[in-house]
Amino acid sequence: MPFSGQTCRRRRRVGKGQSLAARSKPIQKVQNSKAGAASCCRAPSSAHPFPIAAHVVQCSSLAPRHTAKQSGGLIRANHPLILLFNHSGLASPRLLRLLKLTSPPLPGGRATRNPSSSEHEVAPKLGSDRAVDAGFGGGGGRLGMAGRRAMRPSGSSMRGVVARLAAARSPAVSFLVAVAAGAALVGGVYFWLVVSSFRLPDSRAAGCLPDGEGSWAIGMYYGKSPLELRPIELEGKSNGNSSAWPVANPVLTCATPTEGGYPSNFVADPFLYVQGDTLFLFFETKTVSTMQGDIGVARSLDQGATWEFLGIALDEAWHLSYPFVFKYENEIYMMPEGNKKKELRLYRATKFPLEWTLEKVLIDKPLIDSSLVQYDGLWWLFASDFTRHGIEKNAELEIWYSNAPLGPWNEHKQNPIYRSDKSLGARNGGRLFIFEGSLYRPGQDCSGTYGRKVKLYKVEKLTKEEYKEVPVNLGIEETKKGRNAWNGMRYHHIDAQQLASGGWIAVMDGDRVPSGDSTRRSLFGYMGFSVAVALVIFVGFVKGAISCYVPPSFWVPLTRRSELSRILPVHRFNLKIRRYSTSIGRNISATKARLSEKTWSNTLFFCVIALIGIVNVCIAVHFLLGGNGAEEAYTHQGQHSQFTMVTMTYEARLWNLKLFVEHYSRCESVREIVVVWNKGNHPTSDAFDSTVPVRIRVEEINSLNNRFRIDPLIKTRAVLELDDDIMMTCSDVEKGFKVWREHPERMVGFYPRMIDGDPLQYRNERYARGKKGYNLILTGAAFMDSEFAFSKYWSQEAKEGRDYVHKNFNCEDLLMNFLYANASSSRTVEYVHPAWAIDTSKLSSVAISRDTQKHYDIRTKCLAKFASIYGPLPQKWLFGMREDGWDK
């Protein structure tokens, strides 16, 4: 298209004394050619030290003429981005796109008059790569004040700009919304399948919050000697008030002081003080309000089965822990750790156990985990120097000696005894004790993480000049349940004392997570989230959904060049940065173009990117929302307990049984797994990968009645009858156990049924949901009281029902429900909804329920038979009656 006549003017600097009229001078005239337009707009001479700032090329009518209908806006001639012109004098398409997003259009795209021309010229349509204003410049150019007024947009045009910007962003918004929805779906499914099985922290709780130092708790141990200690659950101690048959460790948790009005995140460093038949337990409690350690105290009147929290015994302005309590000359003393005070202090009880006063400062040194022992006529103090750093931290041991615990104290000649190896147990792990004339010292193995485990050392020589010790077996079996056990990851403190009866009692702390676990989980979670976001931005940029252009001047802004700037390295550095950024931009554009091609390799590449993004979304959900990653047991009235799991199987399902045992043995409250072997060659107990004892009970005849046979070897009142083809989370199992402990007279299960009609008819769970209630629980997955249920099932009144079950090889669970209902007029069943459960019987060719309709017909006949013998089942119990929502 021909160009109209053009006039090029070069604006010059206005020197002193130079008139404003002399500011512009005609340079040349070019007639009717596109080449003329290019030559008209040549860049100023590069010989000038700063050509772009010194001269601004003004071109009129660069673009072809348009009609008013085609025009859509006007680019401001004095736009600040004009400085981004290339050296040919023409704006690049990238610059024009930037100007498009930053320049408002003329109202309605109407024609405007150039004040210096008699012709009407229409502003070119915004978005054309050649769309440039009719004149660049301010009041000194061809656009005067009238032109500026014509360019000022109206309110309606501004709304048009907003609409255009929204339209320009809509691909990015749509892309991000779609990706967010997909990520939410993936995260929700992962949360439902995996994270929901973890015990999540209660946001409403005042204490027991995630803490970087851990989630320490305290357990009780008993034995004939300090080298043969067993946990309380193996001693058969029970508490009927909390349905704890037996009581299980831990006996003291963060909930103990929290429920006593002193919110705490954990309890640790326990020390016993025995006073007759009464036990006093002093321990560190991490107070939530101050986030520092205080010394708490609890009391037990039943040899440690139950504990009463008495209060805070010692609270200072600094952190306190390791409350070493002892008696000397009819006075009770406490020597806690308070290293921030840089001294070892001794307190005396003025009103035991809650009131203490400072007796004296024993040593002016920040000693930690200090323990006293009287041996061979002297008092010995074992401690570690807290000022040690590097490899010596938690690896240093010092010994001091004195004639009395109140001092003065003298250093051992071999100090420090240890100073480099953290695995040697240099740092004390509790009270030293004397057994059969020998002195024993517990120490902490801090290799890998702080307080990984307790090591026990037998002292072979202890004098003022020499010290020698050798490791011996602690005698406490380590759990294999990992995070699902209260001391599965570490235990770092023990206090063993001999009772007047001659037996030994001990307290030990333990933690289910390593040191710094909460901080580490947050870091991993945010890293996964960041990687997922970065991948989304990358894919959106490559696919064109997200656009981003950063001009080289963003990195290094344009500066005025002078002769001095050519010499200074800053100017050369700026040019390098601009050149590198331009090169990087070209490479990014080329990569984007290659990845936009529809090839199988690109498709595979984006599939891998999507898979990596899904994995990182799951990582973020797992670590940010998964609590501490443990399927913890629940307490009832402040106490833990255990149950026995009973399953019935035979030779054809051995592969399924192995998966069953491996999974459920990791649940915290499971004490033992009893396998009722009905038929075929039975395996040995060591054929299973189990963290708890597995006992194979071989039956003489193949009968479903064997499931409920009275077994005197079962040591727990609570029994979970669970089919070997049902898999659910340990967290759901723990929920069911807690509900049963609240009502041990009921059967608590996971598969509800509604039995009604005339005659009675057996239907699936969907029917119960439709009726919004249930009155029967399948015993294929149910908790019950083994003493009551088994004796009831094998009573004389149940004989006719047992014979019917044996004959039809079905309905033993229905018979148990009728026996429960017949024995009580109150509620006898309760339902717990599992997060998910997998019934693998549908995949087995030997399951009795593989033919569903035939199985239901047999069970319908059983209902009629049992109802005629034992009477009707109770009325409907509604879903969703619990406050915690576990029965919805």
Side-chain angles (χ1 to χ4, degrees), residues 197 233 243-246 248 481 484 631-636 640-649 656-657 659-676 688 690-697 704 706-711 713-752 776-793 812-813 816-817 820 828-841 886-887:
S197 65
E233 54 264 25
S243 304
W245 302 291
K481 295 186 179 183
N484 287 358
E631 297 177 280
E632 296 184 42
Y634 293 85
T635 62
H636 177 53
H640 290 81
S641 187
Q642 291 184 329
F643 62 88
T644 301
M645 183 173 289
V646 178
T647 187
M648 187 168 58
T649 189
N656 203 55
L657 179 64
L659 295 177
F660 177 96
V661 171
E662 180 180 359
H663 172 67
Y664 288 112
S665 69
R666 269 71 180 176
C667 299
E668 183 169 6
S669 298
V670 174
R671 174 172 175 171
E672 180 189 29
I673 297 179
V674 177
V675 178
V676 180
F688 302 96
S690 177
T691 65
V692 299
V694 177
R695 179 163 56 91
I696 310 297
R697 196 179 79 197
L704 293 182
N706 294 332
R707 178 193 294 273
F708 304 120
R709 186 175 297 279
I710 298 175
D711 189 344
L713 297 181
I714 293 178
K715 301 299 182 182
T716 64
R717 284 277 295 274
V719 166
L720 172 60
E721 292 280 354
L722 189 63
D723 289 344
D724 64 341
D725 49 21
I726 294 177
M727 299 294 289
M728 64 179 67
T729 68
C730 286
S731 181
D732 288 328
V733 171
E734 298 291 355
K735 288 179 181 178
F737 185 40
K738 181 181 187 300
V739 174
W740 179 85
R741 290 182 65 193
E742 294 172 354
H743 303 284
E745 73 281 359
R746 300 175 184 174
M747 278 197 304
V748 177
F750 303 92
Y751 289 91
L776 184 143
I777 290 292
L778 300 186
T779 61
F783 284 93
M784 62 189 69
D785 183 346
S786 61
E787 293 184 3
F788 170 80
F790 293 176
S791 60
K792 190 71 175 177
Y793 192 87
E812 82 286 357
D813 51 350
M816 182 63 80
N817 275 268
Y820 259 81
T828 57
V829 294
E830 189 163 355
Y831 166 67
V832 174
H833 178 68
W836 55 266
I838 300 175
D839 185 358
T840 60
S841 65
W886 289 355
D887 60 341

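Here the structure is a predicted model, which is why all the values come from computation and not from measurement.
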Does any non-hydrogen side-chain atom of I726 lie less than 4.5 Å from one of Y751? yes
Verify, without hydrogens or angle tests, whether T691 (side chain) and S665 (backbone) share a donor-acceptor contact under 3.5 angstrom. yes
Please check if the side chain of H663 supplies one atom and the backbone of T729 the other of a donor-acceptor pair under 3.5 Å. no
Less than 4.5 Å apart, any side-chain heavy atom of E672 and any of V692? no
Between V674 and D711, does the side-chain contact (heavy atoms from CB on, under 4.5 Å) criterion hold? Intermediate values first, please. CA-CA 10 Å; V674 177; D711 189 344; 4.2 Å; yes
Measure across I777 and G749 and return the closest heavy-atom pair with its distance rounded to 0.1 Å. CG2-CA, 3.4 Å
Is there a donor-acceptor contact under 3.5 Å from the side chain of E668 to the main chain of A633? yes
Output the distance between atom CD1 (I673) and atom OG (S690), rounded to the nearest 0.5 Å. 4.5 Å
Taking only residues two or more places apart in sequence or in another chain, which ones pass ring-ring contact (aromatic ring centres under 6.0 Å, His included) with F643? F737, F783
V748 vs H743, side-chain contact (heavy atoms from CB on, under 4.5 Å): CA-CA, chis, key distance, verdict: CA-CA 9 Å; V748 177; H743 303 284; 5.7 Å; no
Side chain to side chain, M728 and Y664, heavy atoms closer than 4.5 Å: yes
Can you name the side-chain hydrogen bond (donor to acceptor under 3.5 Å, both in side chains) partners of D813, sequence neighbours left out? R859
How would you list, by chain and number, every residue that makes a ring-ring contact (aromatic ring centres under 6.0 Å, His included) with Y634, sequence neighbours excluded? W886
Stepwise, does the side-chain contact (heavy atoms from CB on, under 4.5 Å) test hold for H833 with D887? CA-CA 5 Å; H833 178 68; D887 60 341; 6.0 Å; no
How long is the span from the CG atom in D725 to the CD1 atom in I838, to the nearest 0.5 Å? 11.5 Å
Taken to the nearest 0.5 Å, the spacing of F708 CZ from E721 CD works out to 5.0 Å
Could you work out, with salt bridge (charged side-chain N to carboxylate O under 4.0 Å, His left out) as the rule, every residue matching R709, not counting sequence neighbours? E699
In terms of heavy-atom contacts, G736 and V832 come closest through CA-CG2, 4.1 Å
Minimal non-hydrogen separation, P744 against D785, with atom names: O-CB, 3.9 Å
Applying side-chain contact (heavy atoms from CB on, under 4.5 Å), can you list everything that pairs with T828, at least two apart in sequence or on another chain? Y820, S824, P874
Measure the shortest side-chain to side-chain distance between E742 and H636 over non-hydrogen atoms and say whether it is less than 4.5 angstrom. yes
Output yes when a side-chain donor or acceptor of T647 lies under 3.5 Å from a complementary backbone atom of D724, and no otherwise. yes
L776 side chain reached by P752 side chain, heavy atoms, under 4.5 Å: no
Approximate separation, where rounding is to 0.5 Å, of L713 CG and R697 CZ: 9.0 Å
Among residues at least two apart in sequence or on other chains, which ones pass side-chain hydrogen bond (donor to acceptor under 3.5 Å, both in side chains) with S641? none
Okay, side chain of S243, backbone of R741: is any donor-acceptor separation there less than 3.5 Å? yes
Applying salt bridge (charged side-chain N to carboxylate O under 4.0 Å, His left out), can you list everything that pairs with E830, at least two apart in sequence or on another chain? R746, R882
A side-chain contact here means heavy atoms from C-beta on lying under 4.5 Å apart; do R695 and I714 qualify? yes
For Q642, side-chain contact (heavy atoms from CB on, under 4.5 Å) partners two or more places apart: E233, A248, R671
Side-chain contact, heavy-atom cut-off 4.5 Å: L720 with W740? no
Salt bridge (charged side-chain N to carboxylate O under 4.0 Å, His left out) filter on E734, not counting sequence neighbours, yields none
K481: partners by salt bridge (charged side-chain N to carboxylate O under 4.0 Å, His left out), with sequence neighbours left out: none
So do the side chains of Y793 and E812 get within less than 4.5 Å of each other, counting heavy atoms only? yes
Contacts of type side-chain contact (heavy atoms from CB on, under 4.5 Å), residue I696, not counting sequence neighbours: V675, W677, H682, S685, F688, V694, V698
When you measure from the side chain of N484 to the backbone N and O of R666, does any donor-acceptor pair fall under 3.5 Å? yes
Set of side-chain contact (heavy atoms from CB on, under 4.5 Å) partners for P834, sequence neighbours left out: D732, F750, Y831, A837
Kindly compute the distance separating CD1 (I710) from CD (E787), expressed to the nearest 0.5 Å. 10.5 Å
Rounded to the nearest 0.5 Å, what's the gap from CG on L704 to CE on M648? Could you check? 4.5 Å
